[in-house]
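Some notes on the structure that comes next.
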Amino acid sequence: MITVKNICKSFGTLQVLKGIDLTIGKGEIVSIVGPSGAGKTTLLQIIGTLDSADSGTVTIGGEDVTRLSQKKLADFRNRHIGFVFQFHQLLPEFTALENVMIPALIAGTPKGKAREKARQLLAMLGLEEREEHKPAQLSGGEKQRVAVARALVNDPDVILADEPSGALDTKNKEDLHRLFFELRDRLGQTFVIVTHDEGLAAITDRTIHMLDGQITE
């Protein structure tokens, strides 16, 4: 599903990634762990096409995304990749339902169809009673589940998560981790998760360890 070959990235004189090679299979849940500054988030952003590498290639579902124009890249990202961030990044002026709908509307999905898909996802995640609430009216765990629904609305092949449970309490953290596996089993998505959470890393299919811009094991 994802093949990363010889990815290098520098910011000024600081080399953040030093020739990363990585293959992730379809339906696999992989965690990326390592100390701050190891290059985990930079690698995730490059896989997610939010940033570009100085050299090397990233192939997702057979498509070499490093060769795409900016317009085609934005379309590919919208249709094939879902993102879950530590602080959910929900738009405060919109309801939970509207936040989930936004990527579908960007993809050109008719409003009625986007609304129905968003409602189905929120119901699947136990949020059918909260769809008209704005983020300020939701708990931390609810906001993160809305963010997961938003990531799923376009049926992406890959979900990329950056410290998704970092701001949650223990119960909500465990619920979110369980949810990732339930979604993989139900929908078949591939998950790549950057985390400092040892409990989450321990239950993923595979753990990638990074140190000083390189994969160590």
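Remark: Phe76 engages His80 in a ring-ring contact (aromatic ring centres under 6.0 Å, His included) (not counting sequence neighbours). Among residues two or more places apart in sequence or in another chain, the salt bridge (charged side-chain N to carboxylate O under 4.0 Å, His left out) test is passed with Asp157 by none. Listed by chain and number, the residues in a salt bridge (charged side-chain N to carboxylate O under 4.0 Å, His left out) with Lys111 amount to none (sequence neighbours excluded). Under the rule for a side chain to side chain contact (heavy atoms under 4.5 Å, CB included), the partners of Glu116 that lie at least two apart in sequence or sit in another chain are Gln120. Judged as a side chain to side chain contact (heavy atoms under 4.5 Å, CB included), and not counting sequence neighbours, the contacts of Pro35 are Ala38, Leu211. Applying the side chain to side chain contact (heavy atoms under 4.5 Å, CB included) criterion to Ala118, with sequence neighbours excluded, gives Leu97, Val100, Met101.
When all heavy atoms of Leu122 and Ala149 are compared, the closest pair comes out as CD2-CB, 4.1 Å. In terms of heavy-atom proximity, Thr109 sits nearest to Ala114 at CG2-N, 3.7 Å. In terms of heavy atoms, Ala151 sits closest to Val84 at CB-CG2, 3.9 Å.
In this structure, the side chain of Asp54 engages the main chain of Ser10 through a donor-acceptor pair within 3.5 Å. At distances below 3.5 Å, not a single donor-acceptor pair connects side-chain atoms of Arg67 with backbone N or O atoms of Thr57. Between the side chain of Lys40 and the main chain of Gly34, a donor-acceptor pair closer than 3.5 Å is present. Put simply, the side chain of Glu132 never gets that close to the backbone of Thr95: no donor and acceptor are under 3.5 Å apart. The closest donor-acceptor contact from the side chain of Asn154 to the backbone of Asn78 lies under 3.5 Å. Here the side chain of Ser139 pairs a donor or acceptor atom with the backbone of Glu142 at under 3.5 angstrom. With hydrogens and angles disregarded, no donor-acceptor distance shorter than 3.5 Å links the side chain of Glu174 to the backbone of Lys171.
If you chain together ILVMFWY residues whose side-chain heavy atoms come under 4.5 Å of each other, Ile102 ends up grouped with Leu91, Phe94, Ile106.
Ile81 has its side chain within reach of Leu160: a pair of non-hydrogen atoms, C-beta onward, lies under 4.5 Å apart. The side-chain heavy atoms of Leu121 and Arg119, taken from C-beta on, include no pair separated by under 4.5 Å. Here the side chains of Ile60 and Val158 are in contact, with some heavy-atom distance below 4.5 Å. Residues Lys72 and Asp75 fail the side-chain proximity criterion, which asks for heavy atoms closer than 4.5 Å. Looking at Met210 and Leu17, their side chains come closer than 4.5 Å, going by heavy atoms from C-beta outward. Looking at Asp155 and Lys117, their side chains come closer than 4.5 Å, going by heavy atoms from C-beta outward. Inter-residue side-chain proximity for Leu152 and Leu187 is flagged as met; some heavy-atom pair is nearer than 4.5 Å. Contact of the Ile2 side chain with the Thr59 side chain is not registered, since no non-hydrogen atoms from C-beta on lie closer than 4.5 Å.
The ring-ring contact (aromatic ring centres under 6.0 Å, His included) contacts involving residues 155-203 comprise Phe180-Phe191, where partners must be two or more places apart or lie in separate chains. Counting only residues at least two apart or on different chains, no ring-ring contact (aromatic ring centres under 6.0 Å, His included) pair has a member in residues 127-169. Within the structure, the salt bridge (Lys or Arg N to Asp or Glu O under 4.0 Å) test picks out no pair touching residues 16-25 (sequence neighbours left out).
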Inset, instruction - Run the numbers on Thr3 and Val58 for side chain to side chain contact (heavy atoms under 4.5 Å, CB included), then give the verdict. - result: CA-CA 6 Å; Thr3 303; Val58 176; over 6 Å; no
Inset, instruction - Test Thr66 against Asp64 for side chain to side chain donor-acceptor pair (under 3.5 Å), laying out the working first. - result: CA-CA 5 Å; Thr66 53; Asp64 181 354; 2.3 Å; yes
Inset, instruction - Could you walk me through whether Lys134 and Glu98 pass side chain to side chain contact (heavy atoms under 4.5 Å, CB included), step by step? - result: CA-CA 9 Å; Lys134 292 185 177 180; Glu98 290 166 340; 5.8 Å; no
Inset, instruction - Apply side chain to side chain contact (heavy atoms under 4.5 Å, CB included) to the pair Leu68 and Glu63, showing each step before the final yes or no. - result: CA-CA 9 Å; Leu68 297 178; Glu63 182 80 58; 3.5 Å; yes
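Shown here is Glu93, whose CD atom has more than 12 heavy atoms of other residues, nucleotides or ligands within 6.0 Å.
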Output a table of donor-acceptor pairs, distance under 3.5 Å, between side-chain atoms of residues 23-32 and any protein atom two or more places apart or on a different chain; print 'none' if there are none.
unit_1, atom_1, unit_2, atom_2, d
Glu28, OE1, Gly25, N, 2.9
Glu28, OE1, Arg206, NH2, 3.1
Glu28, OE2, Arg206, NE, 2.9
Glu28, OE2, Arg206, NH2, 3.4
Ser31, OG, Thr204, OG1, 2.9
Ser31, OG, Thr207, OG1, 3.2

Donor-acceptor contacts, no H, no angles, side chain residues 45-52, under 3.5 Å, sequence neighbours left out:
unit_1, atom_1, unit_2, atom_2, d
Thr49, OG1, Arg77, NE, 2.8
Thr49, OG1, Arg77, NH2, 3.4
Asp51, OD1, Lys9, NZ, 3.4

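In this structure, Val16 is not a member of the same hydrophobic cluster as Val33, with clusters built from ILVMFWY side-chain heavy atoms closer than 4.5 Å.
Atom CD in Glu163 sits 13.0 Å away from atom CZ in Phe85 (nearest 0.5 Å).
Using a 4.0 Å cut-off between charged nitrogen and carboxylate oxygen, Arg184 and Asp205 count as a salt-bridge pair.
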